[in-house]
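Have a look at the structure below before the remarks.
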Amino acid sequence: MMSKLQPHASIFLLILETMFVPVTAQTNLALHGTASQETTYTDSDGNSYSANLAIEGPANNNWDDGCSSTAAGQSTQWWGMSFQKLVYITNITFYLRSDTAERMNGFRLYFANVSVYLGNPELCFVDQGEQAFQNLIHSVDCDLSPTKNVYFYNRNTFVELCYIEINGCWKGTWGPNCTTDCPVECIGNHCFPQNGSCIWGCDLQKCFHGQCDAKTDVCMTGCVPGRGGRYCTFYTNPPVGIHKVYCSNTTDSWADGIVLYNAEYHNNDTTVFAICKYIMYIPPILKGNSNIDICEIEIGGCPYGKYGDTCQLTCPENCMGTCNLVTGKCLLGCSTGWLGEKCDRACDVGRFGNQCLRDCSANCLSSSCNHMTGNCMTGCKKGWEGFNCTEGSVLISRFCGLHYIASYLKLLFYFVIFRFPSGKIKA
């Protein structure tokens, strides 16, 4: 489902029906993910049956060849596979343990972008009537939203998998080994891994009637008025004049905002960095007034302090401000005492402060000090005190001065005794 702003601010809602296509293998995504499970069974000989055994093979039902297994005595159990980025899954094939297949009766198969317990996971399959044990090799077709996590879930029993394949493609790719990019006309870059056809349909702002060729990306029935080119990615009559975009965190008045864009129209994405509560677009002004005629405007970003494909990740805690929305790198530098792109590395030994530019006090008992404050954590050398062992410097200077005076007087006394052996001292 999507909504678009059409000319003269009329709004309509377009619902596209998801089409179903036969399942064909693309690539085994399980080889590119990370396996885990809620608990791990360990036998009396100390052998652990970790989650990773399910993806290592061989592809059979033999427990002795290596199967993953959760531990006993838990009210809930799960085996999971997580991916670094969104994937479209078309089919999951898995092998149950031959001698205890009934333990998987009643299992559920979920897709989730957070966890099996959070974030409204989508149900791909449920073992109705607890019949899982009757088929040692299962093949489940799924036609759901892109996901980052796959979970086998069950209650009051084990989750045991001897082998698993998760077939599909990374979001934005399709075909054998997922080496072909989705057509540019596909809304949100979403296409079926099997044949590259657009899952949510073609972008109506590009192709006339939303019809595009899945293999060539060409708009088959022409472009909507005002668009041109084989892929309908260019404006035939671009707007004339200066377009402005403002950002504000206080009001929705452009007069109080900062300028994000101030130039003539161009048919490319514009990358900016700003923290905004309000975004205002000001079209070119002709003859004292202006009609707003927008085909589409997209604003990509994340809530403050978040990043990632779905803004599910939190910026590093030592960032000064926010971070890069894609990589998580700190954009405005690090807090005092920290270094690195993600501000996750403390100052080297002997350094502290902003950007680690300051040396620890030479009066510290050891060469190290607190990497943020400079505090001598192991104490001060003899004769020094204070937070960073610098307060004793005045006392030592006075002591040295008194010692010098005392030595001078002692030398003068010897001179007088030597000059006047009678012991009489003349003024």
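For the numbers below, each heavy atom of this structure counts, side chains included, while hydrogens, waters and symmetry mates do not.
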Exercise for the section: May I ask you to decide if the ring planes of Phe158 and Tyr41 are parallel, tilted or perpendicular, using 30° and 60° as cut-offs? Expected result: perpendicular

Could you tell me whether the side chains of [X] and [Y] share a donor-acceptor contact shorter than 3.5 Å?
X      : Y      : answer
Asn52  : Ser50  : no
Thr39  : Gln77  : yes
Lys148 : Ser82  : no
His243 : Tyr281 : yes
Thr93  : Asn91  : yes
Thr100 : Glu160 : yes

Just checking [X] against [Y], ring centres under 6.0 Å apart?
X      : Y      : value
Trp63  : Tyr49  : yes
Trp78  : Tyr151 : yes
Tyr95  : His138 : no
Tyr246 : Tyr261 : no

SG proximity flag [Y]/[X], limit 2.5 angstrom:
X      : Y      : answer
Cys334 : Cys319 : no
Cys162 : Cys67  : yes
Cys182 : Cys191 : yes
Cys364 : Cys376 : yes

Problem - Phe133: ring-ring contact (aromatic ring centres under 6.0 Å, His included) partners, not counting sequence neighbours - result: none

Practice task
Decide ring-ring contact (aromatic ring centres under 6.0 Å, His included) for His371 and Phe352; before the verdict, give the C-alpha distance in whole Å, the side-chain angles of both, and the deciding distance to 0.1 Å.
Solution key: CA-CA 4 Å; His371 65 97; Phe352 79 99; 9.9 Å; no

Problem - Heavy atoms from other residues, nucleotides or ligands near CD of Glu122 exceed 12 (cutoff 6.0 Å) - result: yes

Problem - Any donor-acceptor pair under 3.5 Å from Lys381 side chain to Cys389 backbone - result: no

Handout entry: Heavy-atom donor-acceptor pair, Asn370 side chain to Thr373 backbone, under 3.5 Å
Key = yes

Exercise for the section: Side-chain contact test, heavy atoms from C-beta onward, threshold under 4.5 Å: evaluate it for Cys311 versus Pro303 and give yes or no. Expected result: yes

Exercise for the section: Determine the sole option in Ser366, Ser368, Ser367 for which the side-chain hydrogen bond (donor to acceptor under 3.5 Å, both in side chains) test with Thr378 is passed. Expected result: Ser366

Practice task
Taking only Lys NZ, Arg NE, NH1 and NH2, and the carboxylate oxygens of Asp or Glu, determine whether Arg351 and Asp359 approach each other closer than 4.0 Å.
Solution key: yes

Exercise for the section: Tell me, with the steps shown, if Phe107 and Phe125 meet ring-ring contact (aromatic ring centres under 6.0 Å, His included). Expected result: CA-CA 8 Å; Phe107 79 92; Phe125 178 82; 5.6 Å; yes

Handout entry: Residues in side chain to side chain donor-acceptor pair (under 3.5 Å) contact with Glu102, at least two apart in sequence or another chain
Key = none

